[in-house]
Amino acid sequence: MAKLVPLAPDSWIPGGVPDPLIRRQHGLIGKPVSRLDGMLKVKGAATFAAEFPLENMAYAALAYATIPRGRIATLDTSAAEAATGVVAVMTHKNAPRMNAPAVFGTSPSAAGPADLPIMQDDRIHWNGQPIAVVLAETQEHADHAKSLIVATYAIEPSTTSLAKAKAAGAQPALFMGEPLLTEIGDAEAVLAAAAHKVDHIYTTPRHNHNAIELHGASIAWVDGELVIHDASQLVTMEAATIAGVFDLKPEQVRVTSPFVGGGFGGKCLWDHQILGAAAAKVSGRPVRIALTREGVYRGVGGRTLTEQRVAIGATADGHFQAMIHTGISAVSPHNNMPEAFIMGTRSGYAADSFKLSVETVTMNMLANTFMRAPGESVGTFALESAIDELAAALQIDPVELRIHNEPEKDPTSGLPFSARHIVEAWRSGAELFGWDQRSKTPATRRDGEWMVGMGCATATYPYNRMPGAAARITLHRDGPDGVGAIIEVAAHEMGMGTSTTTAMVAAERLGLPMDAIEVRYGDSNIPGAILAGGSQQTAAIGGAMIAAHNALVAKLLKLAGNDSPLAGLALEEVGSEDGGLAKLDDPTRREGYASILDRAQCDSITVEEKASQPLESMHWSMHSHGAVFCEVRVNTVTAETRVSRILGSYDCGRILNPKTARSQFRGGIIMGLGLALMEETQFDERNGRIMNPSLAEYHVPVHMDVPEIDIIWTDIADPHTPMGAHGVGEIGITGVAAAVANAIYNATGKRIRDLPITLDKLL
């Protein structure tokens, strides 16, 4: 398929033409629009997953294993069962029989985190695995009773240290079914012969998810069917997977997720939703299960550690002759989610030869998962740090070195770029940031006891549009003279403005005012399967909306009949504008929606359509790009580091809503500052336990850590994507850690190749 599709026409849009919204716009695309859900949230009227009121509800608390591998020898729950307010205690001894959840990636509808059965036997697979669920009349009663459970274990040999895992051997990594291996030429031989080279190891630690909204769900069995109000990034996949766990038909499980208070890859399917459903079955009562912050660390995976080698061989003028980016990523025995840190390197720079690979080592630990820009966030730290090191060795400006190695086509796939305007982003960003004021000699710029430096790095994240998206459009009479539309997509709102952008795009496609659009989402009863991840949800919705809009226009033309000014026109000759349909090259031939509905004697019509397969990414090399500029101040007495300024200059196609996009870019950058300077999951290699499972000990950026952040973009549409847009949700974190590290080098003359860059490494 990868070889054949590029030979076929680029026709994912019928006729092989760009999305009409790139050409014909009615004033909403590119306009800063406030989030439609904003008012509900500031008023406290948005109901989150752990707030749904269910009659006769029991509250759940989880007890966790304290060994990395073995069996439960004894499990005494008698004191917990006798405690005040306790309804039931569920363990492997009395849990209903359940199938292991289908693992994410094994089928289009699979969402399980690992191939493990959940609470079906006495086996322990990681330190933190749930061993009991306590149900009580209040959360306080459940939490107290949980503390009364006593477990002993028969410990079995485990691998909880990286050194032991490496000694056992590494295996080639697969990511989404594809090998993480690219070799072009003999890069090692070219490197050895190169006149100028860098060759270093860069390391990144584990990271944990810390969304403001803790993971939680409100769950009930109703007449043999299961209803889950969850905080989910994949409602349709979750419903299908849980149906398989309980031997139900997919339509017997309904998952809703109207609001998600932060996701970043962590709000998918984990053990707690399944345990809550099982406990509700055992007790015969609805259950609310809300994880504590510690519970999130014990049972929800995050980013895994990496060791990366980056070696670059170059000529004196900076031309890259060899590009080597290899290393290891740790995974568990029961899932395959390595950090694909070479993905950005595959398309980032031209070079004569490449050796790119990821291998995995296995440790007995919680299954890791997606975390904002998985792979690229840590991969760009290593790659962009190495490029800065080479620029220093060659005495070439870091911006100019990157531009000098700008590829004309994808350097490893050979595909043409669908749109790539990163040079414009570099030039405009450097000018606005004042890059020409950067000191060319490290450790020479001072402000009192502060050393000041500037650094930069490339940001990158692929364009994605996953298959399975669908949309339902209902056009209806809204009062005696008006027409409105209901748009239904199985999408998710995690604060990024999805519902708002969907309403904007729908209004533009239908030629209706935005206040005539109602968007429904976050419900597995809605057709299609859309994952809020991979910066692809907006493109997936856009593709589904194109298909559904085409179906709507075709149905309206049929309803209009021979008495309409539109009679005889083909689908491709007609567009939507001003509350109706009109001939594209003769707008006098038009008829309003209300008139067509009146003639057909109906109050509404509904169409439902699936998006086309995402073949555009097989025709083109498709990416969001950016240039990150950073200024830091490092204290000469304490080694404290403060980021004083940061600017992101992005090339992400057409920006649909500048207000929400700017917030997305900034949020990613702030997360990148945490990656660079403070975030680290401290893992006790003696017993596999996470030792800092709280925000008191796991540090994330707060207001005092965040400097002025400037955001600019090219706003050049990509004609090969819906709306001409690329994703913006994840690129913001990429490149930030390297830009900070490179700025620290410019300020102090000291290279740090191990994240996070804490003051002890600078003293």
Working for side chain to side chain donor-acceptor pair (under 3.5 Å), residues Glu730 and Tyr461: CA-CA 7 Å; Glu730 295 179 86; Tyr461 196 76; 3.3 Å; yes
Test log, rule side chain to side chain contact (heavy atoms under 4.5 Å, CB included), inputs Ile655 and Tyr650: CA-CA 10 Å; Ile655 299 298; Tyr650 294 101; over 6 Å; no
Test log, rule side chain to side chain donor-acceptor pair (under 3.5 Å), inputs Thr256 and His229: CA-CA 5 Å; Thr256 76; His229 303 293; 2.7 Å; yes
Side chain to side chain donor-acceptor pair (under 3.5 Å) between Ser499 and Glu493, intermediate numbers included: CA-CA 7 Å; Ser499 56; Glu493 178 61 83; 3.1 Å; yes
Glu213/Lys267 under salt bridge (charged side-chain N to carboxylate O under 4.0 Å, His left out): CA gap, chis, key distance, verdict: CA-CA 10 Å; Glu213 178 203 25; Lys267 292 281 178 72; 3.0 Å; yes
Side chain to side chain donor-acceptor pair (under 3.5 Å) evaluation trace for Asn335 with Asp115: CA-CA 7 Å; Asn335 84 324; Asp115 63 2; over 6 Å; no
I'd like a table of donor-acceptor pairs (distance under 3.5 Å, sequence neighbours excluded) in which one partner is a side-chain atom from residues 558-568, with atom names and distances.
from   : atom 1 : to     : atom 2 : distance (Å)
Ser564 : OG     : Leu566 : N      : 3.0
Ser564 : OG     : Glu591 : OE1    : 2.5

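Closest of all the heavy-atom pairs between Ala532 and Gln537 is CB-OE1, 3.5 Å. Between Gly543 and Ala611, the closest heavy-atom pair is C-CB, 3.6 Å. Considering every non-hydrogen atom in both Glu51 and Arg288, the closest pair reads C-NH2, 3.4 Å. Contact between Ala220 and Leu54 at its shortest, heavy atoms only, is CB-CD1, 4.3 Å. The minimum heavy-atom distance linking Thr236 with Ser524 is given by the pair CA-CB, 4.1 Å. Closest approach of Thr734 to Ala373, counting heavy atoms only: CG2-CB, 3.7 Å.
Between the side chain of Glu609 and the main chain of Asn550, no donor-acceptor pair closer than 3.5 Å is present. The closest donor-acceptor contact from the side chain of Ser257 to the backbone of Val235 lies at 3.5 Å or more, if one exists at all. For the pair Gln120 (side chain) and Ile118 (backbone), a donor-acceptor distance under 3.5 Å is present. For Thr106 (side chain) and Ala102 (main-chain N/O), no donor-acceptor pair under 3.5 Å exists by modelled atom type. Judged by distance alone, the side chain of Arg285 and the main-chain N or O of Asn56 form a donor-acceptor pair under 3.5 Å. Between the Ser624 side chain and the Thr460 main chain, no donor and acceptor come within less than 3.5 Å of each other. At distances below 3.5 Å, at least one donor-acceptor pair connects side-chain atoms of Gln273 with backbone N or O atoms of Cys268. Listed for the Arg589 side chain is no donor-acceptor partner under 3.5 Å among the backbone atoms of Val574. The backbone N or O of Gly495 sits less than 3.5 Å from a side-chain atom of Arg35, completing a donor-acceptor pair.
With a 4.5 Å cut-off on side-chain heavy atoms, Leu581 and Arg590 do not count as touching. At a threshold of 4.5 Å between non-hydrogen side-chain atoms, the residues Leu656 and Thr538 count as touching. Between Ile541 and Thr498, the closest side-chain pair of non-hydrogen atoms falls below 4.5 Å. Contact annotation: the side chain of Met514 approaches that of Val33 to within less than 4.5 Å [non-hydrogen atoms, C-beta and beyond]. Looking at Ile486 and His476, their side chains come closer than 4.5 Å, going by heavy atoms from C-beta outward. Here the side chains of Glu225 and Arg254 are not in contact, with every heavy-atom distance at 4.5 Å or above. Annotation: side chain of Ile242 is in contact with side chain of Leu269 (closest heavy-atom distance under 4.5 Å). In this structure, the side chains of Ile487 and Leu510 come closer than 4.5 Å at one or more pairs of heavy atoms.
Note that the OG atom of Ser621 and the NE2 atom of His623 stand 3.0 Å from one another [nearest 0.5 Å]. Separating the OG1 atom in Thr660 from the CD atom in Gln664 is a distance of 7.5 Å, to the nearest 0.5 Å. Going from atom CG of Leu552 over to atom CG of Leu571 covers 10.5 Å, rounded to the nearest 0.5 Å.
In Lys583, the NZ atom is crowded: over 12 heavy atoms of neighbouring residues, nucleotides or ligands sit closer than 6.0 Å.
Residues forming a side chain to side chain donor-acceptor pair (under 3.5 Å) with Ser34 (at least two apart in sequence, or on another chain): Lys659.
Between His272 and His215, the ring planes are perpendicular. Angles over 60° get that label, and only those under 30° would be called parallel.
Note on Asp598 versus Arg477: salt bridge recorded, some NZ/NE/NH1/NH2 to OD/OE distance being below 4.0 Å. We find that Asp715 and Arg654 are joined by a salt bridge, their nearest charged nitrogen and carboxylate oxygen being less than 4.0 Å apart.
Aromatic pair His726/Tyr463: ring centres closer than 6.0 Å. Aromatic rings of Phe104 and Phe370 (six-membered ring for Trp) have centroids within the 6.0 Å cut-off, being under it.
For the ring pair (Phe, Tyr, Trp, His ring centres under 6.0 Å) criterion with Phe259, the lone passing option out of Phe48, Phe52, Tyr521 is Phe48.
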